[in-house]
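Just below is one structure, and these are the notes that go with it.
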Protein chains: 4
Amino acid sequence: MSPSKEQEIVAVAARLFKEKGYRATTLEDIAAAVGMLKGSLYYYIRSKEELLYLVVRDPIRQAYTRLEEIVASQAPVATKIAQAITNHMTLFHRHYPHIAVYLHDFPHLMHKLQQSVRETPKQYQRLWTTLLAQGVASGELRRDLDVKIAAYAILGMCNWVYRWYDPRGKLSAEEIAALFTRMILEGVLRPRPASPPAASEAVP
Amino acid sequence: MSPSKEQEIVAVAARLFKEKGYRATTLEDIAAAVGMLKGSLYYYIRSKEELLYLVVRDPIRQAYTRLEEIVASQAPVATKIAQAITNHMTLFHRHYPHIAVYLHDFPHLMHKLQQSVRETPKQYQRLWTTLLAQGVASGELRRDLDVKIAAYAILGMCNWVYRWYDPRGKLSAEEIAALFTRMILEGVLRPRPASPPAASEAVP
Amino acid sequence: MSPSKEQEIVAVAARLFKEKGYRATTLEDIAAAVGMLKGSLYYYIRSKEELLYLVVRDPIRQAYTRLEEIVASQAPVATKIAQAITNHMTLFHRHYPHIAVYLHDFPHLMHKLQQSVRETPKQYQRLWTTLLAQGVASGELRRDLDVKIAAYAILGMCNWVYRWYDPRGKLSAEEIAALFTRMILEGVLRPRPASPPAASEAVP
Amino acid sequence: MSPSKEQEIVAVAARLFKEKGYRATTLEDIAAAVGMLKGSLYYYIRSKEELLYLVVRDPIRQAYTRLEEIVASQAPVATKIAQAITNHMTLFHRHYPHIAVYLHDFPHLMHKLQQSVRETPKQYQRLWTTLLAQGVASGELRRDLDVKIAAYAILGMCNWVYRWYDPRGKLSAEEIAALFTRMILEGVLRPRPASPPAASEAVP
DNA sequence: TATGAATGAGCTTTCATTCAT
DNA sequence: AATGAATGAAAGCTCATTCAT
């Protein structure tokens, strides 16, 4: 029942990579946190690089797979957006440090990871673009929406959470997802009372 | 006319720090890019850390100062939000790699920088929170808006730009700012025509 | 039975520091003398500075402690002087290069050592001054003796030994101590037979 | 009238070598103290090593020459010892930092200096040994005096002064010389009143 | 006379990695 | 399953020295 030593090493590595960054974390740091000597780690892992891979692999696979399902599903686009954002936040809830490591260090370690990790941020962004394009096509979203920029905007909003998310914070991942979804769909402006009076409406 | 050697070194360092990360960039890398030997750099700088400081100092000072002005100014909140976002994007336009280095590496290098750099992301976020709170108080923004989370959302959107911004890209910083502003204010949903008049609604 | 590697490193460092000076001795020199690579030393020590500390710590502690005992003891001052000098010479016998390093490099490395080494040459000299003052007070030493200068003189005599002492030399530390003691107590002049009685003066 | 720039450089170097040690003193330190840039020093000197040579050359020549004269002169040995010690102290008075540099750094820099500086501590000690041997032979000094060890003792006493001498101190070099001379000749013990009268002797 | 800029060798230190036990 | 010891490459930094101007 207790997690295997290997799992423990990966978990500890995820936490330390998140706290100090991949390069600033030494194998000695990790070994000490696990309670062994750095040389002993090599009984479980082949290299520091592999450890990074083990840290990020599963969470990002899950994220991509679920987003693909959502995009492919039949549902109003607003619903799908809500689901996609919830999916994103749930990742933080479940795999916090891992996903943070992925988000932070991927650009600089791409060359090290890309042989073993196929899911790139680029692809994730394409899925979002597709989702938004569905909404524009169906008329649910604004005609003039620049879907690519909108995808970048939403991704930024959601990814940046890795900087301030606190697994033990006041707001749950679901609550954050709900607030974000509403912001994305409706914006922050107070809706102007419906037009009825008409007339002067055209003047901004 | 040509920039001083020191400025060149700082510019090169900014670029390389952005490309490979602060820790992964060696002084030898920087020296080679400038066309000298690593030891020679120390004629211009005192340490790698100081170089980091020189890279980020000015841009972030500008950003904070301008945002403070905007928040303190008299104008509709929607206008101020637009200005703040434009301010943010203009930074990318003017100091791209520098600001990217700041956004990426600050959390892990805080302890190195905080003696010399007072402006923290935390403070920047507080300014945004204040700005949004002004809008809620004045009735321009939704009553139920969680201003703190909204600030995080907007910041995420704007900061994340450092990951994909291309100074030579199709969209200018101002254009991105305009698209972001609209998204934040109104969201992505197609506005439903005011209900009462009904009738023609179905026609897109 | 063989001394631990750490002890060997400290011993080798003491010898090389003595031969070439602390600053002129490189960790590569030390590592080579021990039969390893310079990086490997860091498995045993934290820094070159710590190595210096390990070299000098014990010997000087012993020296101070023993001198304090002697000064505090009850015995004729001439005896105590003899003991103090013997103590001093015995240090050379037992910890030759270590004590030489301390005597030679302390003034310039004080700032590095003083956090961890409390015993200063100044304090040692004060103990000697006290000892001589005891002798003046008791009438065993000359009334007009400048005890401070005399302490400096004795210390100079004894410390300078680090420059020419040879652990395998003809004279043992005890023999040197005895010769020094006699010089200090009685000087080098041939004692003039007490003048008054005259007569028998010629007979030594 | 004003000392030439070269003389100023040598004087400054002597002071800094004394304060921080030869190796720890950088040419930049020296240049800054003189008010120029380090590269500019090379207009006056050929190398750091030569600077060391310039610092110590004259003082030690004077010391050796004068000691040779004293040893060769006709006078009671006690007088000659007094003169030799006064000579030694006068050096501190006239060339304080220079002589301190020589005394401190010579052993480790011998190989660098010995091509240009012929006067070695060894030779100086031989002169002293000769002087003492003259006294033993003439019966002025104790028959059983170990002249070599006594020479070492006297040299230690006199050389060590470089560690505490203060050109602006209370005691002049001549006064220190007088105190040292008396110590060396007669020791520190209170002379016992000539034996015959006896009786009250035991009561201090 | 002196500067400013650069060199290059060498320093202390770090760290992922190896491997016999 | 883990240790202890060592490696070796590379990092940041220092500094005596050079030289065109």
Side-chain angles (χ1 to χ4, degrees), chain A residues 4-6 9 22-32 34-52 112, chain B residues 4-6 8-9 22-31 34-52 112, chain C residues 4-6 8-9 22-31 34-52 112, chain D residues 4-6 9 22-32 34-52 112:
Chain A
S4 75
K5 208 82 180 176
E6 198 201 320
I9 290 170
Y22 173 73
R23 294 199 65 114
T25 303
T26 71
L27 288 180
E28 202 161 9
D29 293 335
I30 296 169
V34 174
M36 51 171 69
L37 298 180
K38 62 179 170 181
S40 311
L41 286 177
Y42 285 80
Y43 183 78
Y44 299 96
I45 60 165
R46 247 185 294 277
S47 69
K48 190 186 182 187
E49 208 170 311
E50 192 206 45
L51 195 43
L52 174 64
K112 297 196 172 186
Chain B
S4 77
K5 207 82 181 178
E6 198 202 323
E8 188 189 347
I9 290 169
Y22 174 73
R23 294 194 70 112
T25 303
T26 73
L27 289 175
E28 203 161 7
D29 292 336
I30 296 169
V34 176
M36 49 171 70
L37 298 180
K38 61 179 172 180
S40 309
L41 284 177
Y42 286 81
Y43 184 75
Y44 300 94
I45 60 163
R46 252 186 289 276
S47 66
K48 190 186 182 186
E49 207 170 312
E50 192 205 45
L51 195 44
L52 175 63
K112 297 198 170 183
Chain C
S4 77
K5 207 83 182 179
E6 197 202 322
E8 189 189 348
I9 290 169
Y22 173 74
R23 294 194 68 112
T25 303
T26 71
L27 289 176
E28 203 162 6
D29 292 334
I30 296 169
V34 176
M36 49 170 70
L37 298 181
K38 60 182 170 178
S40 310
L41 286 176
Y42 285 80
Y43 184 75
Y44 299 95
I45 61 164
R46 251 185 290 276
S47 68
K48 191 185 180 186
E49 206 169 313
E50 192 205 43
L51 195 44
L52 175 64
K112 296 197 173 186
Chain D
S4 75
K5 207 83 182 176
E6 197 200 321
I9 290 169
Y22 173 73
R23 295 199 62 115
T25 303
T26 70
L27 289 179
E28 201 161 10
D29 292 335
I30 296 169
V34 175
M36 50 171 69
L37 298 181
K38 62 179 170 179
S40 312
L41 286 177
Y42 284 80
Y43 183 79
Y44 299 96
I45 60 164
R46 245 186 295 277
S47 68
K48 190 186 181 186
E49 208 170 310
E50 193 205 42
L51 194 45
L52 174 64
K112 296 197 172 184

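In what follows, chains are A, B, ... by sequence order, proteins preceding strands, each numbered from 1.
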Item to complete: Find the distance C:L41:CG to F:dA6:P and express it as a whole number of Å.
Response: 10 Å
Item to complete: Encode nucleotides 13-21 of chain E as B, S and - characters from 5' to 3', where the letter depends on protein heavy atoms closer than 4.0 Å: B to the base, S only to sugar-phosphate, - to neither.
Response: BBBBBB---
Practice prompt. Sort by first number and list every stem of DNA chain E: at least 3 consecutive Watson-Crick or G-U wobble pairs, both distances under 3.5 Å.
Written response: E:2-21 with F:2-21
Item to complete: For B:Y43 and E:dA5, give me the distance from atom OH to atom C1', rounded to whole Å.
Response: 5 Å
Worksheet item: Between B:E6 (CD) and E:dA5 (C1'), how many Å, whole number?
Response: 14 Å
Worksheet, complete the sentence: Residues passing the side-chain hydrogen bond (donor to acceptor under 3.5 Å, both in side chains) test with B:S47, sequence neighbours excluded, are none
Worksheet entry | Selection from F:dA6, F:dT3, E:dT1 that lies nearest to any side-chain heavy atom of A:M36 | F:dT3
Discussion item. If I take atom CD1 from residue D:I9 and atom OH from residue D:Y43, how far apart are they, to the nearest 0.5 angstrom?
Written reply: 11.0 Å
Worksheet, complete the sentence: Quick note, D:L37 side chain, CB onward, closest among E:dG8, E:dT3, F:dA5 is E:dT3
Practice prompt. Round to a whole Å and report the spacing from CG of C:D29 to P of E:dT12.
Written response: 8 Å
Worksheet item: Measuring from A:L51:CG to A:I45:CD1, what's the distance to the nearest 0.5 Å?
Response: 4.5 Å
Worksheet item: Does D:A32 have any side-chain contact (heavy atoms from CB on, under 4.5 Å) partners at least two apart in sequence or in another chain, and if so, which?
Response: none
Discussion item. Quick test of your reading: applying salt bridge (Lys or Arg N to Asp or Glu O under 4.0 Å), list the pairs with at least one residue in residues 41-52 of chain D, sequence neighbours left out, ordered by first then second residue.
Written reply: D:R46-D:E50
Item to complete: Could you tell me the separation between the NZ atom of B:K38 and the CG atom of B:D29, rounded to the nearest 0.5 Å?
Response: 10.5 Å
Worksheet item: Are side-chain heavy atoms of D:K5 and D:V34 found at a separation under 4.5 Å?
Response: yes
Worksheet item: Rounded to the nearest 0.5 Å, how far does OG1 of A:T25 lie from CZ of B:R23?
Response: 8.5 Å
